[in-house]
Amino acid sequence: MAAPFETPVLGDVDERRIPALKPGAMAASKPYVAAAAHQEPLGFPAVLADGWEAEAVSHMGELLGKYRSLQVFMDACVKCGACTDKCHYFLGTADPKNMPVARADLFRSVYRRYFTPAGKLFPSLVGARDMTKDVLDEWYNYFHQCSQCRRCSVFCPMGIDTAEISMAARDVMDRIGQGQKYCNEIIGKVHKIGNNLGLPAPALLDTLEGLEEDILDETGVAVKLPVDVAGAEVLLVTPSADFFAEPHVLGLIGYAKVFHAAGVSWTLSTKASEAGNFGMFIGNYEQMRKISLRIREAAQELGVKRIIFGECGHAWRVAYSFLNTLAGPWDFLDSRYPVPQHILEFTSDLIRRKGIKLDKSGNDGMVLTVHDSCNVARGARMGDKPGGQFTIPREVIRASVPKLVDMHPDTICEKTFCCGGGGGLLTDELLELRVKGSAPRMEALKAVVEREGVTHMAAMCAICKAQFTKILPYFGHDREMVVSVHQLVSNAIILGDND
Amino acid sequence: MGGTLTIFFAILFAVAASVLVIGLGLKIAQYARTPAPLKIPTTPAPLTKPGVALRLAREALLFESLFKSNKLLWVMAALFHAALAVVLLRHGRYFVTEIGSVVALAQPLAQPAGLAMVAGLILLTARRLIIARVRYVTGPSDLLMLALLLGIGISGIVLKGQIHTDIVGVKAFFTGLLGFKLRPLPADPLLMLHLGLVALLMIVFPFSKLLHAPGLFFSPTRNQTDTPREHRHLCAWAAKLEEKT
Ligand code: SF4
Ligand code: SF4
């Protein structure tokens, strides 16, 4: 287990405090290395084998040829430092290697050594380094202190997205036998069992039945949570945490109530019982594709007409931005709807058309704020206009609760901070990083709690929800302060008199 | 003596120009050739191609993202780049016989632009050394690049203001070069320094961070439309994976 650490003292959000550098502050932070049992099922070498250095360089070359982003980002950085105060992990830990440009330089230094004339001829002049075990270990530690949140990419004058570099570095590490346990174990479970949590089909059926009973007890209405129903209109693909973790499951109940009230037939799938796609976190196209194809197969087997995704940030990025590429074309689905759709697009549309009715008193006493998930905010969209990913969730929340206030403008929408647990870092051995990395978000939250009386923070991502549930108590908040957006809908929706 | 120098600089500029054009050409070809397998615009992003063109124009001309990021740095960077643009334009008079209206227009701005460029460089250098975060990510090559640009700028200002260089002779040399004719270059040590540094800059351009200039336009985070659901985006190597299954 990680050594004890101090919870950061929160400053004033208006001051935008930038910490003084503490070199090496997080040098020891790293996730467990994948064992052979996690590596081999994904086709990665079990351990570092002799000659891994050359292997790493050769794989780096392959990626440079396959991804324009990587090639351009390696060359285009001017070291202007505009990104240096933008990463939540730097702001929370003060470790200079958590400044996006310094993180990227860990990779760039090796790129320069092997792929540029300047680095081959004058390595020390341009900061070029040989691929050594020390360099690899540094990669391992610091590329697992990046949640691939893309905040740096908003502010970089060249559009350099350090997330792309982290993904490439993780891919190289996987292919030489130094993968990360958390991600690779989970991907193994998706392939074997169908979801990240390793919840087998019978357990899933059981859970959903239990939820149906709970809803019936509470509302007196028989809301269904169907699974593997062929011929349903909608296939709902949702993060597996929605099946049992709180507050996720309350969101799932919300989706079910919306479908029920709208009279739209829907189904979950045991085959695609996971929206998440950790293939993105490890920067592996083939894995990402393989995981995505399950959804295509499920949709075809069940003969659905539409695919809708539940609340999850990185899942929505992969779904919205990549699914058509990875598993399309979707010509067998109903072309009147975008493929895939987000549950918030579905619900907001119903609200606008008055297809469902909401009663805000169901959330009486709550003052909400909303945490924009990084992947939704900067890696995807909702609706048909740029920025719909910000307005649509707010519309739905506003329709469901008495009061919604936004946090500091530098911490929301495209400038939102990551929750601190994204990008494959939601694992206990990285708790210190997660707590410290959440500090910028907590600082902004504290301000609206104190000034506006905010009682709850809505999240639209399974990772955000799990992360906040865990870290809120460190900052003196109740863990139940974080709620699902559809949990608010669930509390407000009027069932039964829509027919 | 004068003859040898003229030949030396003629060769130097021929080499520098070739390295610049070929090196940059190869780099741009590499960027253009390398596929972008996934849609990764930093959102919110434009939905149309004209929208993307506008986004890139705002980045290239107004430094939009930098403005969001850091106002002080934006001022320094804008000062330097705008001044550089005027200075470059103004140097057009050494290469064309007929001075165009734009070059003529830049005439009265030449002196202040040169000073502004050097001032911008000094501010950027000071910032690089003073702010600990920026100092941390600064390598020797970053400082050398600033020194090189400062050397060019300062020698240029002195050439223009203090010493009355034989401008007509310089122009004759360069217009001659463009027509593959050798005409004598005025023998002035400061001019040699200025020209030598410029040639060096041209040579290092394709091997240095000056690649940010073409790089910006190839950044997938900035140059892609946000249309992944509407149009299937598939690159050649990804399409091959589909054949396999
Ligand atoms: S903002 Fe962009 S160009 Fe500037 S240092 Fe950071 S990554 Fe490099
Ligand atoms: S992607 Fe996010 S976590 Fe990674 S370096 Fe950029 S700001 Fe930091």
Side-chain angles (χ1 to χ4, degrees), chain A residues 18 20-21 64-69 71-73 75-86 96 99 101-102 105 116-118 124-127 150 153-161 164 285-286 289 320-325 328-329 338-340 377-381 386-387 389 414, chain B residues 27 30-32 34-40 42-47 59 63-66 68-70 73 77 127-128 131-134 136-142 144 204 207-212 214-216 218-223 226 228-235 237-238 241 245:
Chain A
I18 305 169
L21 303 186
L64 285 163
K66 279 177 143 181
Y67 290 87
R68 181 187 296 159
S69 52
Q71 177 61 59
V72 171
F73 297 164
D75 288 337
C77 175
V78 287
K79 312 294 165 88
C80 70
C83 60
T84 54
D85 57 348
K86 302 299 186 283
M99 302 188 295
V101 43
D105 273 352
T116 70
S124 54
L125 206 63
V126 297
R150 316 189 87 202
S153 85
V154 171
F155 294 101
C156 172
M158 311 309 149
I160 294 174
D161 178 8
E164 290 287 305
Y285 190 97
E286 282 87 347
R289 177 164 178 267
Y320 171 84
S321 293
F322 307 156
L323 205 66
N324 200 7
T325 298
V339 183
R378 293 183 284 260
R381 173 162 56 101
Q389 66 270 41
E414 69 168 353
Chain B
K27 266 295 173 187
Q30 180 191 39
Y31 297 156
T34 311
L38 294 165
K39 280 281 201 176
I40 59 163
T42 304
T43 58
L47 309 186
E59 288 296 349
F63 306 170
E64 183 179 47
S65 295
L66 186 59
K68 268 184 216 167
S69 183
N70 192 320
L73 176 57
R127 172 181 176 276
R128 199 170 267 295
I131 299 178
R133 297 191 316 278
V134 190
Y136 183 90
V137 297
T138 296
S141 57
D142 301 303
L144 285 174
V204 298
F207 307 103
S208 70
K209 66 176 182 179
L210 299 185
L211 286 173
H212 71 281
L216 166 62
F218 287 96
S219 245
T221 55
R222 297 287 183 267
N223 76 5
D226 176 18
R229 290 194 290 195
E230 291 79 0
H231 305 287
R232 185 154 190 245
H233 174 91
L234 195 68
C235 78
W237 66 257
L241 294 176
T245 37

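Residue numbering restarts at 1 for every chain, and letters A, B, ... go by the order of the sequence lines.
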Checklist entry - Is any side-chain heavy atom of T221(B) closer than 4.5 Å to a side-chain heavy atom of E164(A)? => result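 Side chain of T221(B) against side chain of E164(A), heavy atoms only: no contact under 4.5 Å found.
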
Chain A interface, residue from [options] that has the most non-hydrogen pairs under 4.5 Å:
{"options": "D226(B), N223(B), L234(B)", "value": "D226(B)"}
{"options": "P37(B), A36(B), A132(B)", "value": "P37(B)"}
{"options": "N70(B), L216(B), L66(B), V137(B)", "value": "V137(B)"}
{"options": "L47(B), L73(B), D142(B), L211(B)", "value": "L47(B)"}
{"options": "H212(B), H231(B), R229(B)", "value": "R229(B)"}
{"options": "S65(B), A77(B), P214(B), G215(B)", "value": "S65(B)"}

Which one of [options] has the most heavy-atom pairs closer than 4.5 Å to chain B?
{"options": "G81(A), G387(A), C80(A)", "answer": "C80(A)"}
{"options": "D85(A), I160(A), D105(A)", "answer": "D85(A)"}
{"options": "G127(A), A118(A), S69(A)", "answer": "S69(A)"}
{"options": "C83(A), S124(A), G65(A)", "answer": "G65(A)"}
{"options": "V126(A), V72(A), T116(A)", "answer": "V72(A)"}

Under a 4.5 Å heavy-atom cut-off, does chain B meet the side chain of [X], its backbone, both or neither?
{"X": "L323(A)", "answer": "neither"}
{"X": "L125(A)", "answer": "both"}
{"X": "Y67(A)", "answer": "both"}
{"X": "A20(A)", "answer": "neither"}
{"X": "P96(A)", "answer": "both"}
{"X": "M99(A)", "answer": "side chain"}

Measuring heavy-atom distances to chain A, does [X] have an atom under 4.5 Å in its side chain, in its backbone, in both, or in neither?
{"X": "Y136(B)", "result": "side chain"}
{"X": "Q30(B)", "result": "side chain"}
{"X": "A45(B)", "result": "backbone"}
{"X": "I131(B)", "result": "neither"}

Item to check | Residues which pass salt bridge (charged side-chain N to carboxylate O under 4.0 Å, His left out) with R127(B), listed by chain and number, not counting sequence neighbours | outcome: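 Salt bridge (charged side-chain N to carboxylate O under 4.0 Å, His left out) list for R127(B), sorted by chain: empty.
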
Could you pull out the closest heavy-atom pair between [X] and [Y], with the gap in Å?
{"X": "T43(B)", "Y": "R378(A)", "answer": "OG1-C, 2.9 Å"}
{"X": "T34(B)", "Y": "L64(A)", "answer": "CG2-O, 3.4 Å"}
{"X": "K79(A)", "Y": "V134(B)", "answer": "O-CG1, 4.2 Å"}
{"X": "K66(A)", "Y": "W237(B)", "answer": "O-NE1, 3.1 Å"}
{"X": "F322(A)", "Y": "K39(B)", "answer": "CE2-O, 3.1 Å"}
{"X": "R128(B)", "Y": "V78(A)", "answer": "NH2-O, 3.2 Å"}

Item to check | Any donor-acceptor pair under 3.5 Å from R381(A) side chain to P44(B) backbone | outcome: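 Not confirmed, R381(A) side chain does not pair with P44(B) backbone.
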
Next on the checklist: Between T325(A) and L38(B) (side chain of the first, backbone of the second, donor and acceptor by atom type, cut-off under 3.5 Å), is there such a pair?
Outcome noted: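 It does not hold such a pair.
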
Checklist entry - Listed by chain and number, what are the ring pair (Phe, Tyr, Trp, His ring centres under 6.0 Å) partners of Y320(A), not counting sequence neighbours? => result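 In terms of ring pair (Phe, Tyr, Trp, His ring centres under 6.0 Å), with neighbours along the sequence ignored, Y320(A) is linked to W316(A).
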
Checklist entry - When rounded to the nearest 0.5 angstrom, what is the spacing between CZ in R133(B) and CD1 in I18(A)? => result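 The distance works out to 4.0 Å.
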
Checklist entry - Is a side-chain donor-acceptor pair under 3.5 Å present for T42(B) with S153(A)? => result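 Per modelled atom types, S153(A) and T42(B) side chains form a pair under 3.5 Å.
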
